[in-house]
Amino acid sequence: MQHEIPRATSSVQLGPADIQPLVDDAVVFANQHGLVVALKDPRFVNPDYAVIHAPLSLTPVPYPRARFELAQQVMPLFNTLVDAVAADESYLEATLRPAAAQDAFTGRLLGCLLATRPERQALRGSGREVVLGVHRSDYMLDAPSGKFLQVELNTIASSFGCLSALMTRLHGYMASGRISGLDASRLPPNPTLEHIPDAIAAAATASGHVAAGGVVVMVVQPGERNAYDQQWIQLQLWERHRLRTLRLTLADIAAGGRLDAASGTLTLPGGQPAAVFYFRAGYTPADYPSEAEWAARELIERSNAAKCPTVAYQLAGTKKVQQDLATPGVLERFLPPATAAADAALLREFFAGLWSLDPRDLAADAGGAAAAVRDAIARPEAYVLKPQREGGGNNLYGEELRAALQQGGEELSAYILMQRILPPVNRSVLVRNGQWQEAETLSELGIYGTFVRHNNAVVVNQQSGHLVRTKTASSNEGGVAAGFAVLDSPYLVE
Ligand code: ADP
Ligand code: MG
């Protein structure tokens, strides 16, 4: 059965003759305000020095104001939920063990959690535990229900925060007399450029290393194309907090990092103590090409620096945990008893249908899993099959999804089955590499949340801005860095 596709909408109508001059304005604004990505042009001695405007949408995406504000309002609750789930290691272990048995990467992360328990407990006991969350909860507006349904909650390497704030400024510029009919007051404030560096700085301060010359380490992938989004955080850390950032790969840390076993202080290759490890790598198996990278991850986890994320936070952000939390009765366990019922009801406003594919759950028909599998085999277009992976391009759809479910078996323990969210179709002008194209599109909203806890004291817990990514309606996946999508912003309508 084909789903009915709602009529294409857009925040404003543009005639073909209007578009090119507006694209010229937008690209110049982007270049002049640092809304850029590395061009990787091999003609340059250092290809990273050549930049080009980030892929962008000329006009913002209409979203219902009330639902958008509800997604902002729920973000601190998602932050505390991640923190509570991460603190319950027996829950993480029990929930992830079947997936870990099938998926070596999940198994490795779980192994790292268990191996570092003594140091982590000692750190907590000494009153020096600092956790830092820079989360992004991703949603699509589900046209049939009118709700924002959560695609996933990212606890590691949530990217594009800074470029997204610049995208909001770009649409504000386009709305200030350039595109008639576009109302700048309908673009919600987007404080990522302040909130993300401020949370990192708060964690650095709480770590106690700043006075002794401690630095922030951005853990990066070699050859990152989105380095300018990351550089914005570094620049802001310097300008707002006079904090220095070192960009190091896991291999650099393995080679030159030294952990003082007595104090837990990790000294970096340049001799500075590490105050914060902020990961923009480490979320995919490709980031661990050898044992050295795993050794670095463990070294960081044993250290007394603040980590964004800890291994426990990373595991709390897995798709398996997302699915398990949607099982009736599980959520309440992680919420303060006094407000558990109301909090759970609010969180559940954002949950799509999620089912375990663990053969034991299927046999028991836990949460209706067996019926969902039968339905997915009959109507694969209404579902998404997801492995324990981050970074885009890993999900299965359509015939591939059907074939995997028909085959069955233990391997499916490492996958979850999810209801396919059906967002409304918009018309957008997509600008990539200086060229524009008008297309029917789908958008995904991300809400950032920042959280800092120093032992039992929550120092920061807030909604910290947003990201909209827009892709052509015909593509399944939506990564900007992967080349599928462009940056966009929300336009709130009643
Ligand atoms: P990743 O960790 O790889 O980013 P996601 O869960 O975000 O994994 O899935 C990648 C992309 O696939 C999303 O950005 C979205 O475009 C699409 N997608 C994922 N889940 C759904 C869903 N339930 N319904 C519709 N599209 C989805
Ligand atoms: Mg995603």
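When a ligand or atom number is given, it counts from 1 through the structure's own listing order.
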Once you measure the plane-to-plane angle for Phe148 and Tyr63, does it fall in the parallel (<30°), tilted (30-60°) or perpendicular (>60°) bin? perpendicular
A student checking ligand 1 against Tyr397 at a 4.0 Å heavy-atom cut-off should list atoms 12 (O), 17 (C), 18 (N)
Query raised in the report: So is there a nitrogen or oxygen of Arg420 less than 3.5 Å from a nitrogen or oxygen in ligand 1?
Result: no
Query - Whether Gly392 lies under 4.0 Å from ligand 1, heavy atom - result: yes
Six-ring centre of Phe279, Arg297 cation under 6.0 angstrom, axis tolerance 45°
yes
Ranking Gln388, Lys319, Lys386 by closest non-hydrogen atom to atom 19 (C) of ligand 1, top hit is Lys386
The answer for which part of Gln419 has a heavy atom under 4.0 Å from ligand 1 is backbone
Within the structure, does Asn395 bring an N/O atom to less than 3.5 angstrom of an N/O atom in ligand 1? yes
At under 4.0 Å between heavy atoms, what of Tyr283 touches ligand 1? The answer is neither
Check: of Val384, Thr284, Asp142, min heavy-atom distance to atom 27 (C) of ligand 1 comes from Val384
**Request:** Using a cut-off of strictly less than 2.8 Å, determine whether Glu152 has an N/O/S atom near the Mg ion (ligand 2).
**Result:** yes
### Message
Below 3.5 Å, N or O to N or O, backbone or side chain included: is there any such pair between Lys471 and ligand 1?
### Response
yes
The reported gap from CG in Leu193 to CZ in Arg169 (rounded to nearest 0.5 angstrom) is 5.5 Å
Value for NE2 (His466) from OG1 (Thr168), rounded to nearest 0.5 Å, stands at 4.0 Å
### Message
In terms of relative ring orientation, are Phe334 and Tyr91 parallel, tilted or perpendicular, with 30° and 60° separating the classes?
### Response
perpendicular
Notebook entry, point to check: Between Asn394 and ligand 1, is there a nitrogen or oxygen pair with a distance under 3.5 Å?
Noted result: no
Output for pair (Met167 CE, Cys162 SG), nearest 0.5 Å, gives 15.0 Å
Would you check the N or O atoms of Met418, main chain and side chain alike, for any that come under 3.5 Å of an N or O of ligand 1? no
The reported gap from CG in Asp103 to CG in Leu109 (rounded to nearest 0.5 angstrom) is 9.0 Å
